[in-house]
Amino acid sequence: MSPKTTPGLVRPEGACALVTGASKGIGAASALALAADGWPVAVHYGRDAAGAAATVAAIEAAGGRAVAIAGDVADPGAADAILSAAEAQLGPVLALVNNAGITDDGLAMQLEDDAFDRVIATNLNGPFRLTRRALGPMVRARHGRIVNVASIVGLRANAGQANYAASKAGLVGLTRTVAAEVARRGVTVNAVAPGFIATAMTHEIPEGQLGAIPARRPGSPEEVAACVAFLASDAAAYVTGSVLTVDGGLSA
Ligand code: NAP
């Protein structure tokens, strides 16, 4: 088969990327990186409309195309509403970055049902529903890129984050299984697993924990975004079901 007819090798014209939680942090940096690679970008956000507008403005200032789309990913009806809004404004969504996520920490012995359920609903159920809704158009186009933003906490223990760890470990399982289901359709599904990244979510990294990172520094959102953009690119067509750690060697 030639590169043009092999499923998943060359991004079709007129497609767009959707990045959830792109009002700030890793999502905003990922939206900018994908726009720099030529994707029109649907900049999804939860509550921070000003942050999303700033991401859209930064993409437009760099010569790209973007629209902001609101929605609570924990809401079961949100996936269809978000994807439909992106499709109506920018065309088929052939790259989906499931980035929106939260923490609500506590030791398992004391964790309330609500804190457990909210984290799972946002970090795992949301990406599942968005993935399910996004796959049809990707399979029809014989091209798709799904990148899930997991965490090294989904791969190894971090006391005090049982809910978050369960959500991210679930996201890794979802990534690998869906990857196997759609690989022959030209759709890749991968995850990035960041370590400590300097964003609003991690406003203070304890000195002791910084010393445990072989690189001796937190990562930047841009360093994660570069990996997201690679996994969404044509160059990554044969990478699927993988989990790329971006952690300065913390889990090495
Ligand atoms: P952040 O700065 O706190 O940004 C989180 C983003 O997710 C915001 O855009 C927020 O939207 C959105 N969001 C949260 N809950 C939402 C909901 N229910 N519906 C819609 N949007 C929602 O976080 P970050 O540090 O960039 O983290 C991004 C992703 O990376 C998360 O999945 C996180 O678990 C993962 N991660 C982060 C680190 C780290 O060290 N920072 C490490 C490993 C993994 P609004 O602000 O608009 O409401």
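Counting convention: from 1, in listed order, for ligands and their atoms alike. Being a predicted model, the structure only gives us computed values, none of them experimental. Just so it is clear, the values below take in all heavy atoms, side chains as well, and ignore hydrogens, waters and symmetry mates. Numbering starts at 1 and runs along the sequence shown.
- Considering backbone and side-chain N/O of F196, none are found under 3.5 Å from N/O of ligand 1.
- With a 4.0 Å cut-off on non-hydrogen atoms, I197 touches ligand 1 through its backbone as well as its side chain.
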I'd like a table of donor-acceptor pairs (distance under 3.5 Å, sequence neighbours excluded) in which one partner is a side-chain atom from residues 69-76, with atom names and distances.
| from | atom 1 | to | atom 2 | distance (Å) |
| --- | --- | --- | --- | --- |
| D72 | OD1 | A74 | N | 2.9 |
| D75 | OD1 | G77 | N | 2.9 |

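- For atom 19 (N) of ligand 1, the closest heavy atom belonging to the protein is V73 N, 3.0 Å.
- Using a 4.0 Å cut-off to heavy atoms of H44, the atoms of ligand 1 that qualify are 20 (C), 21 (N).
- Looking at ligand 1, you won't find any N or O of S151 less than 3.5 Å from one of its N or O atoms.
- Counting heavy atoms closer than 4.0 Å to ligand 1, residue D48 contributes atoms from both its backbone and its side chain.
- Closest non-hydrogen pair, V19 versus S30, comes out as CG1-CB, 4.3 Å.
- The D72 neighbourhood of ligand 1 comprises atoms 17 (C), 18 (N), 19 (N), with distances under 4.0 Å to a heavy atom of that residue.
- Residue contacts with ligand 1: N123 is placed with no nitrogen or oxygen under 3.5 Å of a nitrogen or oxygen of the ligand (distance criterion only).
- Of all protein heavy atoms, the one lying nearest to atom 10 (C) of ligand 1 is S23 OG, 4.2 Å.
- Side chain of T103 to backbone of D105: no donor-acceptor contact under 3.5 angstrom is found.
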task: Determine, stepwise, if the pair L250 / R156 fulfils side-chain contact (heavy atoms from CB on, under 4.5 Å).
output: CA-CA 11 Å; L250 185 56; R156 53 185 288 229; 3.4 Å; yes
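- For the pair R145 (side chain) and G8 (backbone), a donor-acceptor distance under 3.5 Å is present.
- In T202, the part holding a heavy atom less than 4.0 Å from any atom of ligand 1 is the side chain.
- The proximity of N99 to ligand 1, defined as any non-hydrogen pair under 4.0 Å, involves the side chain as well as the backbone.
- By the criterion of a heavy-atom distance under 4.0 Å, the backbone of A150, and not its side chain, is placed next to ligand 1.
- For G71, the heavy-atom gap to ligand 1 drops under 4.0 angstrom.
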- request: Please step through side-chain contact (heavy atoms from CB on, under 4.5 Å) for the pair T55 and V41, ending with a clear verdict.
  value: CA-CA 10 Å; T55 306; V41 182; over 6 Å; no
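- Other residues sharing the hydrophobic cluster of Y45, ordered by chain and number and joined by side-chain separations under 4.5 Å: none, the residue standing alone.
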